[in-house]
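If you're wondering where the values come from, they're calculated on a predicted model, not measured in any experiment.
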Amino acid sequence: MAKNIKTRADDYAQWYLDVIKAAQLADHSPVRGCMVIRPDGFAVWEAIQRDLDHRFKETGHVNAYFPLLIPQSFLTREAQHVEGFAMECAVVTHSKLEKKEDGSLGPAGELEEPLIIRPTSETMIGSMYSDWIQSYRDLPVLINQWANVMRWEMRTRMFLRTAEFLWQEGHTAHETFDEAEEETRRMLDVYASFAEESLAVPVLQGRKTEREKFPGADVTYTIEGLMQDGKALQCGTSHNLGQNFAKAFNIEYLGRDQKKHHCWTTSWGVSTRLIGALIMAHSDDDGLVLPPRVAPTVAVIVPICRKDEEKAKVRDFIERALTAILGPEEVAAARHRVVAHGLESYFFDHVTHQKILVDWRDTRPGDKHFHWEQRGVPFRLEVGPRDVDAESLVVKRRLDREKETVALDDLSRDWLQGRLDDFQSRLLERARRFRDENTRTATSYDEMKKILANEGGFVRAYFEPGEAAEERIQAETKASVRCIPFDQPAASGKCILSGNDTPTQVLFAQAY
RNA sequence: CGGGGCGUGGCGCAGUCCGGUAGCGCACCUGCUUUGGGAGCAGGGGGUCGGAGGUUCGAAUCCUCUCGCCCCGACCA
């Protein structure tokens, strides 16, 4: 049992923070609500970026970068948008610091128009698109940007909700509503398959209700994941913005019919929140559990030896094992790599830079076991004198602590890749089972209340979405409509609140 | 932003009520013995007690203000 991590049953919120701390994913910053993403946390983000960026490009998008600062007036152009974001905008009003009479520094050089730090970039990008787009021949525009944004949240939680966070925002402009709608759904699909394939987080896809949608969107689609405490987490959203921003920013094109038309635009994004989703979906009371596809270190080799002669034997055997897995070139190249004291670093993959580490630090094996377990390294390979004699090593799987003995002759790149793939699919399977076991159907409001109070998780129910009804349910149960799932039943049923006949089933849950 | 809790070496805490030279465990450094699931002994380094004012001969301790974190609520990716 980990000494420095509270158990999930004991205190889930503290457990979450303890896991982040123990795995050194992030740290608090001196500024409220902001966090420092440490190398192992950032490596996970880089893995997410690399994978998603590939998927974006495969679907025809290109990257660009738009500025951090946005004229305040931009935000006010789209009525719903400004209403949604005004309360959480950081505003830049001055251009410099000056010494005041009392000798202290204070803001000076007041700006003519205040600038806001982007909470999202629809307005800035809309303004540029209105310049760039003249005719239907310029369409579609398919741009993504990787950026930071800032939303001055009242209550923050590491990765799940921080004042500043990293994300990607795709912004596209199209000739027709249908094209925009197709794009919106396409990118939601990209998110859903990414979440499942790379993060091993199974997600439910659906449409947000009017109450829950993005300010300024006609339609918002979402992928929703389920965390181990039974709360839902919105993992990504894709918006069909209709012509709202096109009208606000004059994004017009001359059509095939020789007439001016407003474009149809979309936007879609996922953020560093996904790292929070990973942690809460997979980790356990021993610490972090990472899906191999995003793990910075895929395996760690722990030597076990007493005397110097044993050490030489073990070292020699480890080198043979590494050579079998990585080939002699990488083993040789690693000799010249500068790494942390006592750790040898080998690249398992030179594209993703995922590593295999050998832990030669002068601590005891037990310490190392806990150390790497907390950091979520998928596999631990133990090599002691007995293993050397038997020409084999012990492989321990982080997922379930399963132990197996593998002969040196059986080691290869394919072998490890196979073990990693197996880990990845087991992890997804486990998360999917948890999600399915915690998705229930309610036929009455009372039944739903009971489920939410006792079990948590997703509750499917017939329901007529509406501001008043949703507000009442949230006030009484803390649950909101996470989405109107795409897979709807053939038959209609009775709304759990009004009793009216409705074809619509929705997914309720308490959410982060 | 409202209610509650907490800030004391890197981490976890005692000391605060009742003011009197800042302590414990883990971690860290050195040495020896150790090493198959969190080692033992010896020695050593590190804290203006979140910050700023105030009361006092004297403040971790009392008072005022402030900052941060956690929990619950309202808001949100």
Exercise. Mind calculating the distance between CZ (A/Arg155) and P (B/G4) to the nearest angstrom?
Key: 16 Å
Quiz item: Under 4.0 angstrom, heavy atoms only, what part of the nucleic acid is A/Lys396 near: base, sugar-phosphate, or nothing?
Solution: base
Practice problem: Check every strand shown and say whether A/Asp387 touches a base, only sugar-phosphate, or nothing at a heavy-atom separation below 4.0 Å. | Solution: base
Quiz item: Contact class for A/Glu224 (heavy atom, under 4.0 Å): base, sugar-phosphate, or nothing?
Solution: nothing
Quiz item: When rounded to the nearest Å, what value does the distance between C1' atoms of B/A42 and B/G47 take?
Solution: 25 Å
Quiz item: Given B/C71, B/A77, B/G37, which nucleotide is nearest the side-chain atoms of A/Gln234?
Solution: B/A77
Exercise. Would you kindly give the CG-to-P distance between A/Asp362 and B/G40, to the nearest whole Å?
Key: 15 Å
Quiz item: When all nucleic acid strands are considered with a 4.0 Å heavy-atom cut-off, which category describes A/Ser271: base, sugar-phosphate, or nothing?
Solution: base
Quiz item: Taking the six-membered ring of A/Phe486, is the NZ or CZ of A/Arg185 close enough (under 6.0 Å from the centre) and on axis enough (within 45°)?
Solution: yes
Exercise. Check every strand shown and say whether A/Leu17 touches a base, only sugar-phosphate, or nothing at a heavy-atom separation below 4.0 Å.
Key: sugar-phosphate
Quiz item: So what does A/Gly33 touch, heavy atoms closer than 4.0 Å: a base, only the sugar-phosphate, or nothing?
Solution: sugar-phosphate
Quiz prompt | Per A/Lys478 side chain, nearest of listed nucleotides B/G73, B/G36, B/A39 | solution = B/G73
Exercise. Mark yes or no: A/Arg157 above the aromatic ring of A/Tyr512, with NZ or CZ under 6.0 Å from the six-membered ring centre and no more than 45 degrees from the axis.
Key: no
Quiz item: Should A/Arg364 be listed as having a side-chain N or O under 4.0 Å from OP1 or OP2 of B/G36?
Solution: yes
Quiz item: What is the nucleic acid contact for A/Arg380, judged by heavy atoms within less than 4.0 Å: base, sugar-phosphate only, or nothing?
Solution: base
Self-check item: Out of B/G38, B/C75, B/G36, whichever nucleotide has its closest atom nearest the side chain of A/Val394
Solution: B/G36
Exercise. List the steps, then state whether side-chain hydrogen bond (donor to acceptor under 3.5 Å, both in side chains) holds for A/Arg380 with A/His369.
Key: CA-CA 8 Å; A/Arg380 188 173 71 238; A/His369 300 336; 3.0 Å; yes
Practice problem: Just compare B/G37, B/C71, B/A77 and give me whichever is closest to any side-chain atom of A/Arg273. | Solution: B/A77
Quiz prompt | A/Asp284 bridged to A/Arg8 by N-O distance under 4.0 Å | solution = no
Quiz item: How is A/Ser480 classified with respect to the nucleic acid when contacts are heavy atoms under 4.0 Å: base, sugar-phosphate, or nothing?
Solution: nothing
Quiz item: Closest to the A/Ala13 side chain: B/G36, B/C70, B/C11?
Solution: B/C70
Quiz item: When you measure from the side chain of A/Asn4, which nucleotide among B/U35, B/G38, B/G36 comes out closest?
Solution: B/G38
Quiz prompt | Presence of salt bridge, A/Arg401 and A/Glu373, under 4.0 angstrom | solution = yes
Quiz item: What is the distance from NZ of A/Lys213 to P of B/C75, rounded to the nearest Å?
Solution: 18 Å
Quiz item: Mapping A/Arg211 and A/Ile304 to their closest nucleotides on RNA chain B, which lands nearer the 5' end?
Solution: A/Ile304
Quiz item: What is the distance, rounded to the nearest whole Å, between atom CD of A/Gln14 and atom C1' of B/C71?
Solution: 10 Å
Quiz prompt | Between B/U35 (C1') and A/Asp367 (CG): distance, integer Å | solution = 10 Å
Quiz item: Quick one: A/Gln24 CD to B/C11 C1', roughly how many Å, whole number?
Solution: 12 Å
Quiz item: To the side chain of A/Pro365, which of B/G38, B/C70, B/U35 is closest?
Solution: B/U35
Quiz item: On a plain distance test, is the side chain of A/Glu382 in donor-acceptor contact with the base of B/G37 below 3.5 Å?
Solution: no
Quiz item: Are A/Phe165 and the base of B/A77 stacked, counting only ring centres nearer than 5.5 Å and planes tilted under 30°?
Solution: yes
Quiz prompt | A/Asp286 CG - B/G37 C1' separation (whole Å) | solution = 11 Å
Practice problem: Rounded to the nearest angstrom, tell me the gap between atom CG in A/Asp18 and atom C1' in B/C11. | Solution: 11 Å
Quiz prompt | Geometric cation-pi criterion A/Arg315 and A/Phe317, 6.0 Å radius, 45° cone | solution = no
